[in-house]
Colleague: 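Here's a structure for you.
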Amino acid sequence: MKICIVGAGALGSLFGGLLARAGASVSLYNPSNVAHVQAIHSAGLHIERDAESWHVAVPATATPEALAEADLVGLFVKAHQTARAMEQIAPTLSPRSWVLSLQNGIGMESEILRFVPAERFLRGVTAQGATLLAPGRVRWAGVGPTRLGRWRGPLTPEIEEILALLRRAQIETEYSEEIERLLWEKLIINCAINPLTALFDQPNGSIVHDPELREIAGTVAREVLRVAQAHGVKLSEAEAVERVETVACKTAQNISSMLQDVRRGRPTEIDYINGAVVRGGRRLGIATPINLLLVKLIAAGRMLKHPATSPLAPPLKREGDSPSL
Ligand code: KPL
């Protein structure tokens with residue numbers, strides 16, 4: 001099976017590297033980090049975990065024309081880069097290709113489904129953690145389950161083969177019939193941790209160590225839960241808050257992906273995280289004022305820091321005006 005990892009940053013490179021280490025035919029694609037691609041091209045990919053390290057020879061490219069047809073595309077780009085990435089890799093897709101998205105957030109699926117039939121689309125969440133240490137060097141920062149399911153249709157032998165491949169690569173993987181529920185459960189965590197750590201420039205642990213942030217995170221989690229319940233989530237309020245706090249404790253030293261984006265002056269995934277909750281709440285008639293406020297605060301922060309260089313940041317609009325919400 002030929003695998004193409006699209007968006008080979010930290011997590012994508014980790015997945016691609018582990019699959020290649022297990023003998024799979026993998027190529028990495030990252031058009032926005034040319035230094036990383038060049039380092040892998042000339043000296044291979046280095047994966048480090050605690051005292052262990054592995055060196056994996058794996059082809060890497062920054063140009064989509066260099067990609068061959070893939071049986072499985074692993075999509076790891078940021079949520080807002082999905083449409084562009086799918087357009088770029090469209091020529092590598094055949095009617096038999098599978099696309100697996102383990103991206104954060106909710107809402108980019110419609111962009112993927114413009115290019116892939118729902119029957120060939122796998123969506124999932126992962127608790128694996130990875131950090132890009134330097135070009136060509138990735139730290140395997142956390143080990144946890146990956147859960148994925150088919151967007152439409154039952155489990156098939158072909159999907160079993162993909163699951164076996166991931167497991168052979170030491171990526172603990174489970175199949176789920178309830179992928180929408182899993183996406184919303186993960187969304188509760190991202191909605192509570194990502195924007196607060198990004199706004200206050202704090203590591204994830206601040207969500208439990210600072211009493212004010214802890215209270216706000218709890219309020220966010222409870223608000224998201226009301227929308228998530230309509231998508232199959234069965235957690236109680238206390239369980240939802242506990243999940244957020246457990247992840248914040250376990251990843252206390254981590255810099256959330258949203259804070260990393262803010263620090264680098266890049267657009268964030270806020271529209272696909274808290275923004276997805278605001279959109280979902282509007283559809284269901286559930287008020288989500290705290291999540292809307294977080295979306296606006298992140299957008300305002302970006303506008304204030306990068307007034308001239310942020311064409312992607314939408315101007316602040318009155319509620320109801322924004323097409324993205
Ligand atoms: O998924 C994450 C992220 O940073 O996007 C968490 C779970 C918050 C870990 O940092």
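As the structure lists them, so they are numbered: ligands from 1, and atoms in each ligand from 1. Heads up: numbering here begins at 1 and tracks the sequence.
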Colleague: Using distance alone, determine whether Asn104 and ligand 1 share an N or O pair under 3.5 Å.
Modeller: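 Right, the criterion is met.
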Colleague: Write out the residue and atom name of the closest protein heavy atom to atom 7 (C) of ligand 1, then the distance separating them to 0.1 Å.
Modeller: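 That would be Val247 CG1, 3.8 Å.
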Colleague: Can you pull out the closest protein heavy atom to atom 4 (O) of ligand 1? Residue, atom name and distance to 0.1 Å, please.
Modeller: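 Of every protein heavy atom, Ser257 N, 2.8 Å lies nearest to atom 4 (O) of ligand 1.
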Colleague: Are Leu213 and Leu293 grouped together when hydrophobic residues (ILVMFWY) are joined by side-chain heavy atoms under 4.5 angstrom apart?
Modeller: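 Yes; tracing contacts between hydrophobic side chains, which count when under 4.5 Å, links both residues.
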Colleague: Considering heavy atoms of the protein only, find what lies nearest to atom 8 (C) of ligand 1 and give residue, atom and distance to 0.1 Å.
Modeller: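 So the nearest neighbour among protein heavy atoms is Asn194 OD1, 3.3 Å.
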Colleague: Counting from 1, what ligand 1 atoms have a heavy atom of Ser256 closer than 4.0 Å?
Modeller: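 Listed by number with element, the hits are 4 (O), 10 (O).
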Colleague: Is the side chain of Ser27 donor-acceptor paired with the backbone N or O of Pro59 at a distance under 3.5 Å, no angle test?
Modeller: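 Between the backbone of Pro59 and the side chain of Ser27 there is no qualifying donor-acceptor contact (under 3.5 Å).
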Colleague: Can you find a side-chain donor-acceptor pair between Gln88 and Tyr29 that sits under 3.5 Å?
Modeller: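 Looking only at side-chain atoms, Tyr29 and Gln88 do form a donor-acceptor pair, the distance falling under 3.5 Å.
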Colleague: Does any donor atom in the side chain of Ser206 or Asn204 lie under 3.5 Å from an acceptor atom in the other side chain?
Modeller: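 Per modelled atom types, Ser206 and Asn204 side chains form no pair under 3.5 Å.
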Colleague: For atom 1 (O) of ligand 1, grab the closest protein heavy atom and report residue, atom and distance to one decimal in Å.
Modeller: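 Result: Asn190 ND2, 3.0 Å.
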Colleague: Are Glu158 and Trp98 linked by a side-chain donor-acceptor pair shorter than 3.5 Å?
Modeller: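 Indeed, the side chains of Glu158 and Trp98 share at least one donor-acceptor pair under 3.5 Å.
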Colleague: Any N or O on Thr251 sitting closer than 3.5 Å to an N or O of ligand 1?
Modeller: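 In this structure, Thr251 places no N or O atom under 3.5 Å from an N or O of ligand 1.
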Colleague: One residue to check: Asn204. Relative to ligand 1, which of side chain, backbone, both or neither has a non-hydrogen atom less than 4.0 Å away?
Modeller: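 Contact part for Asn204 vs ligand 1: side chain (C-beta onward).
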Colleague: Go through the steps to decide whether Asn104 and Lys186 satisfy the test side-chain hydrogen bond (donor to acceptor under 3.5 Å, both in side chains), and finish with yes or no.
Modeller: CA-CA 8 Å; Asn104 262 352; Lys186 173 109 195 270; 3.0 Å; yes
Colleague: Return yes if some donor-acceptor pair links the side-chain N/O of Thr197 with the main-chain N/O of Asn194 below 3.5 Å, else return no.
Modeller: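 Indeed, once roles are kept as given, a pair shorter than 3.5 Å links the two residues.
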Colleague: Below 4.0 angstrom from a heavy atom of Asn254, which ligand 1 atoms are there? Numbered from 1 as shown, please.
Modeller: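 Close to Asn254: 10 (O).
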